[in-house]
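For reference, the structure is listed below as structure tokens.
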Number of protein chains: 2
Amino acid sequence: MRIGELSQRTGISQRALRYYEEQGLLRPSRRPSGYREYDPADLRTVRRIRMLLAAGLNTATIAEILPCIADDGQSRAPVCPELYAGLSRERDRINDAIDEFMAARAMLDAIIAAPQHLRSAGVSTR
Amino acid sequence: MRIGELSQRTGISQRALRYYEEQGLLRPSRRPSGYREYDPADLRTVRRIRMLLAAGLNTATIAEILPCIADDGQSRAPVCPELYAGLSRERDRINDAIDEFMAARAMLDAIIAAPQHLRSAGVSTR
DNA sequence: GTTGACTCTCACGCCGACGTGAAGCTTTAG
DNA sequence: CTAAAGCTTCACGTCGGCGTGAGAGTCAAC
């Protein structure tokens with residue numbers, strides 16, 4: 001498929017897809033015309049990229065990780081042993097982030113719930 | 001206390017503290033000299049700001065929320081009823097973010113755990 | 001009075017993940 | 001054949017939360 005279709009089916013802008021290639025996250029083949037030709041497997045790759053970006057990893061880190069889960073879903077790569085340290089560091093970072101997010105959520109919950117016992121009338125919280 | 005002490009006791013740079021004031025998150029009084037004078041309560045305020053920033057809220061949003069949990073911890077403000085919508089939107093956003101973080105973590109876990117059943121020897125995962 | 005630590009206000013720099021044209025080639029539809 | 005999509009490569013712009021000096025005032029100690 002070409003970039004327009006991949007963009008539509010993933011909801012990711014063409015600019016972003018080209019950016020991912022520039023950063024080494026995608027490696028589409030090229031038609032004689034120069035048009036990018038994407039493999040169906042790239043659909044899942046793009047979703048993985050988005051997941052990891054959403055979790056706060058940068059493109060350089062993702063570029064290191066992707067080969068380890070790469071390609072067709074069949075054979076996972078040998079899992080580049082030298083990456084373990086980085087992976088668990090990222091995992092720890094994510095865990096810390098989750099903790100902080102939950103703490104912040106608790107804070108917002110406290111604010112939202114507060115007036116319920118400060119006011120007389122029942123103010124619908126949602 | 002002055003900005004240096006607040007900076008030390010919170011671990012936040014003076015630049016950041018001045019930035020928070022610029023964005024309306026802190027309102028220190030001023031000495032005749034122009035020096036900022038912070039209230040002890042600002043210690044907790046700064047920690048709250050950091051929590052919310054870590055949860056992905058921007059300073060503008062935090063500026064809206066802060067008055068609702070403001071000041072001395074005694075009397076919570078009337079909780080600006082018009083803010084409920086924004087608050088629960090932020091809460092939803094945080095929940096979504098947590099979900100995405102956990103999904104990404106699961107992905108990393110899968111990568112980390114993968115070789116254990118692909119390899120013969122026991123490779124220590126941590 | 002002078003040194004040194006502390007503070008002040010500009011104001012430009014940075015970084016990462018893109019957005020947004022611009023100018024030109026390719027492919028498809030009629 | 002021609003118009004309209006769709007694609008290409010530059011290359012500059014953006015945004016938010018600060019970092020990092022620069023140049024100058026303030027304050028306590030000696």
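Worth knowing before you read on, the calculation uses all heavy atoms, side chains too, and leaves out hydrogens, waters and symmetry mates. Every chain is numbered from 1, with letters handed out A, B, ... down the list of sequences.
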For this session: Using atom types as modelled and distance alone, determine if a side-chain donor or acceptor of A:D96 lies under 3.5 Å from a backbone N or O of A:R93.
Result: no
Problem set entry | Atom-to-atom span, CE of B:M51 to C1' of D:dG17 - whole angstrom | 19 Å
Problem set entry | Distance below 4.0 Å between B:R18 side-chain N/O and C:dC8 OP1 or OP2 | yes
For this session: Report yes if a side-chain nitrogen or oxygen of A:Y20 is closer than 4.0 Å to either non-bridging phosphate oxygen (OP1 or OP2) of C:dA17; otherwise report no.
Result: no
Problem set entry | side-chain N/O A:S33 vs C:dT27 OP1/OP2, d < 4.0 Å | yes
For this session: Starting from P on C:dG13, measure out to OH on B:Y19 and report it in whole angstrom.
Result: 18 Å
Exercise. Do other residues, nucleotides or ligands put more than 12 heavy atoms under 6.0 Å from the CZ atom of A:R31?
Worked result: yes
For this session: Starting at atom CD of B:Q23, determine the distance to atom P of D:dG17, rounded to an integer number of angstrom.
Result: 7 Å
For this session: Give the nucleotide from the list D:dC18, C:dA17, C:dC8 with an atom nearest to the side chain of B:Y35.
Result: C:dC8
Exercise. Of the nucleotides D:dT9, C:dA17, C:dT9, which one has an atom closest to the side chain of A:R36?
Worked result: D:dT9
Problem set entry | Audit row: B:Y20, B:R15, side-chain hydrogen bond (donor to acceptor under 3.5 Å, both in side chains) steps and yes/no | CA-CA 9 Å; B:Y20 296 157; B:R15 177 65 176 94; over 6 Å; no
Problem set entry | Ion pair check, A:E37 and A:R2, cut-off under 4.0 Å | no
Exercise. Which listed nucleotide (C:dC8, D:dC18, C:dA17) is nearest to the side chain of B:R30?
Worked result: C:dC8
For this session: In plain terms, say whether A:R50 and B:E100 are close enough for a salt bridge, that is, a side-chain N and a carboxylate O under 4.0 Å apart.
Result: no
Exercise. Which value, rounded to the nearest 0.5 Å, describes the distance between B:I62 atom CD1 and B:L52 atom CG?
Worked result: 5.0 Å
Problem set entry | Value in whole Å for how far the C1' atom of C:dG16 lies from CG of A:L52 | 16 Å
For this session: Under 4.0 Å between any heavy atoms, over every strand shown, what does B:R2 touch: base, sugar-phosphate, or nothing? Just pick one.
Result: sugar-phosphate
For this session: Output yes when B:R9 and B:E5 qualify as a salt bridge under the 4.0 Å nitrogen-oxygen rule, no when they do not.
Result: yes
Problem set entry | A:R31 CZ to C:dT27 C1', straight-line distance once rounded to whole Å | 9 Å
Problem set entry | 5' precedence on DNA chain D between B:L17 and A:Y38 (nearest-nucleotide basis) | A:Y38
Exercise. Just how far, in rounded Å, is C1' of D:dG16 from CD1 of B:I62?
Worked result: 12 Å
Problem set entry | Nearest-angstrom distance from the residue atom CG of B:L25 to C1' of D:dG16 | 13 Å
Problem set entry | Interatomic distance where CD belongs to A:E21 and P belongs to C:dA17 [whole Å] | 17 Å
Exercise. Where along residues 4-15 of chain B does a heavy atom fall under 4.0 Å from DNA chain D?
Worked result: B:S13, B:R15
